[in-house]
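Comments concern the structure below.
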Amino acid sequence: MKLDVDALRYLSKDDFRVLTAVEMGMRNHDIVPSELIDRIASLKHGGTYKVLKNLLKHKLLHHDSSKYDGFRLTYLGYDFLAIKTLVNRGVFAAVGRQIGVGKESDIFEVATEDGTVLAMKLHRLGRVSFRAVKSKRDYLRHRSSYNWLYLSRLAALKEFAFMKALDEHGFPVPHAVDCNRHCVIMSLIQGYPLVQVKQLQNPDTVFETILELIVRLAEHGLIHCDFNEFNIMIDEDEKVTMIDFPQMVSVSHRNAKMYFDRDVECIFKFFRKRFNINSDENEVEHDDSEVQSDEDCRPQFSDIKKASGFLDKELEASGFTRKDQDDIEKFVDGDAEEDPGSDSEETEDEQAIVDQTNDDIIKNFESLSLVREGEDDLPEGNLENRQYIMDQDTSKEHSGKGHKPHKNRLEHENNAGDEAQVKRGHDSEEDEQTDDDPELVKRLSKQRQRAIQAARGRRKVITSRNAYKDKGGRSSHNSKIQKQLSSW
Ligand code: ADP
Ligand code: MG
C-alpha cells in the first residue's frame with residue numbers, strides 16, 4: 001500500500017477531529033454509525049458530514065452502508081493518526097521511502113528535524129493471517145476492524161517493549177525510539193536481511209554468532225519464534241542484528257521447545273543450503289576427531305540455563321502486560337476465540353465517549369495538531385513552510401544527511417523483494433473507489449443538511465432506523481474516558 005503522506009498536508013484540525021472520532025467509535029463498532037461520529041466529533045453546523053466526505057476522498061475512511069450508514073478507519077487512516085501524533089511529539093519530521101515489506105508490516109524511512117534517518121514500522125496484523133484465519137473459522141465475526149486495530153497496536157507495543165528490553169541487555173537489535181498505536185520508530189539498520197546476502201567472508205563466524213544469540217535469548221527467558229534469514233540483518237562488517245519481535249514467547253510457553261528447535265533448525269537449514277555449513281552428510285569434525293552428527297552439536301533446549309523473570313518483570317514494567325501477551329499469542333497460535341462483544345453491545349462506553357467534554361476532545365486535538373500555528377488558514381498551494389512532511393521523491397534530500405546509500409560488497413538477490421511481495425498478500429479493499437459514489441455524496445449532503453437544521457432549530461438529530469442503540473444515562477466517567485484515550 002502506498003503511504004501518500006502528502007495528504008497529511010491538506011488535512012485540517014477538523015479532519016483529524018473526525019478521524020479520531022471514528023477511531024474512538026471503533027472501540028465498540030466494526031462500522032461506526034455516522035450519527036455517532038457526528039456526536040463524538042461535535043463539529044458545529046453539521047460540519048462532520050462534509051469532513052467525512054473529504055476523509056473518504058483521501059481514503060482515510062471506508063464507507064459501509066450494508067447494515068446502517070457508517071464508516072471505519074482504513075490502514076491509511078490509522079497510519080495518519082499515528083504519524084501525526086509522533087510528528088507532534090517531535091519524534092520525526094518527515095516520512096521518506098518504503099524500505100521494507102514484511103508479512104504483516106510496512107517499513108519506511110523517517111527523518112528527524114536534524115536529518116537523522118530512522119525506521120518506522122507500521123504493523124498490519126490481519127493483512128495476511130487475519131484473512132486466512134477468518135476464512136477458516138469465521139474469526140472475529142463482529143469485531144474484525146476493531147481487532148485489526150487492536151492486534152496491530154498490541155504487536156507494535158510488544159515489539160517496542162521487547163526491543164527496548166533486549167537493547168538494554170546488550171542484544172544486537174535496533175534501538176527502540178518510540179511507539180504509538182500500530183507504529184514503532186527505531187534506529188535504521190545499515191545492512192541487508194540475510195536472505196539477500198549471497199556471500200559472506202566468515203560464514204562460520206556468522207553462523208556461530210546467530211546460534212549463540214538463540215541460546216542467549218533463551219537464557220534470558222525468550223524465544224524469537226521467527227528466527228530466520230528474513231529477520232536477521234547483516235552489515236558490511238558482517239555484524240548481525242536481529243529484528244521482528246511480535247511473535248516472541250517466553251521459555252515457559254507450552255510449545256517453547258518446539259519453537260526453540262524450529263528457530264535452530266531454520267538457521268542450520270539456511271546455512272547448510274546457502275553457505276554449505278554442516279552439509280557434510282550431517283557430520284562435523286570435532287577437536288578430538290570424533291565424528292558426531294549435527295544433531296549432537298545443536299543447541300538443546302533442555303541444556304539452557306534459564307534466567308527467570310526477564311519476560312514477566314521487565315516487560316510488564318514496560319506496559320506490555322501478561323494479558324497483552326496472552327491475547328497476541330492466541331492470535332499467533334491461531335486459536336483466538338471469538339470476541340464476545342458485538343456491535344449492539346457495550347453502548348455504555350459509547351455514551352461515555354459521546355459525553356466526553358469538549359475540553360477533553362479539544363485538548364486531545366491540540367496535542368495531535370500537525371499544522372504549525374498560523375498555518376491553518378494557508379491556501380492549499382502554499383506549502384513551502386510545511387516541508388517536514390515529504391513525499392517519496394523528496395526523501396532523497398534527507399537520506400543524504402543521515403543515511404548513506406547502501407553500497408557494499410555483498411551480493412544481493414534481486415528477487416527477495418518479490419518474494420516478500422508475494423508473502424504480503426494484498427489489501428484490495430483499501431483501494432476501493434468510494435469517493436466518487438454519487439449516491440453516497442448525495443446521502444452525506446442530506447445528512448449534513450439535516451444536522452445543520454437540527455443545530456439551528458435545536459432539534460434532536462434524527463437517528464437512522466438501523467443506527468446503534470443508545471442506552472442513555474449520562475454514565476460519563478473521566479476514568480472511562482481516560483481509559484479510552486490511553487488504550488488507543
Ligand atoms: P515483518 O514483521 O512484517 O516481517 P520486519 O520487522 O521483519 O517485518 O521488517 C521487514 C523488512 O523491513 C526487513 O526484512 C528489513 O528489510 C526491513 N527492516 C525492518 N526493520 C528495519 C530497520 N530497523 N532498519 C532497516 N531495515 C529494516
Ligand atoms: Mg520479518
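Residues: numbered from 1 along the sequence shown. Just so you know, ligand 1 is whichever comes first in the structure, and atom 1 is the first atom listed for that ligand. Hydrogens, waters and symmetry mates are skipped; everything else that's a heavy atom, side chains included, is used.
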Hydrogens and angles aside, do [X] and [Y] bring a side-chain donor and acceptor to less than 3.5 Å of each other?
X	Y	result
N88	T85	no
H175	D167	yes
D79	H182	yes
H123	E104	no

Which of the numbered atoms in ligand 1 are under 4.0 angstrom from any heavy atom belonging to [X]?
X	result
A119	22 (C), 23 (N)
G100	12 (O)
F230	14 (O)
P193	14 (O), 16 (O)
K121	1 (P), 2 (O), 5 (P), 6 (O), 8 (O)
L188	24 (N), 25 (C)

- Side chain, backbone, both or neither: which part of N231 has a heavy atom under 4.0 Å from ligand 1? side chain
- Message: Does ligand 1 come near enough to I189 that some N or O of the ligand is less than 3.5 Å from an N or O of the residue?
- Response: yes
- Query: Just distances here: any N/O of E104 and N/O of ligand 1 closer than 3.5 Å?
  - Reply: yes
Minimum side-chain heavy-atom gap [X]-[Y] below 4.5 Å:
X	Y	value
Q98	D106	yes
I234	K239	no
R89	D178	yes

- From the Mg ion (ligand 2), how many protein N/O/S atoms are found at a distance short of 2.8 Å? 2
- Message: Please report whether the ring centroid of F207 lies less than 6.0 Å from that of F268.
- Response: yes
- Hey, would you say the F162 and F245 ring centroids sit under 6.0 Å apart? no
- Does any N or O in the side chain of R17 come within less than 3.5 Å of the main-chain N or O of A41, such that one atom is a donor and the other an acceptor? yes
- Message: For F108, does the six-membered ring have the charged nitrogen or CZ of R97 within the cation-pi criterion, i.e. under 6.0 angstrom from the centroid and within 45° of the normal?
- Response: no
- Heavy-atom proximity to atom 18 (N) of ligand 1 ranks first, among V101, I107, L118, for I107
- Does even one non-hydrogen atom of M233 get within less than 4.0 Å of ligand 1? yes
- Message: With the threshold set at under 4.0 angstrom, would you say S187 reaches ligand 1 through any of its heavy atoms?
- Response: yes
- Task: With sequence neighbours excluded, tell me which residues meet salt bridge (Lys or Arg N to Asp or Glu O under 4.0 Å) with D261.
- Result: K257
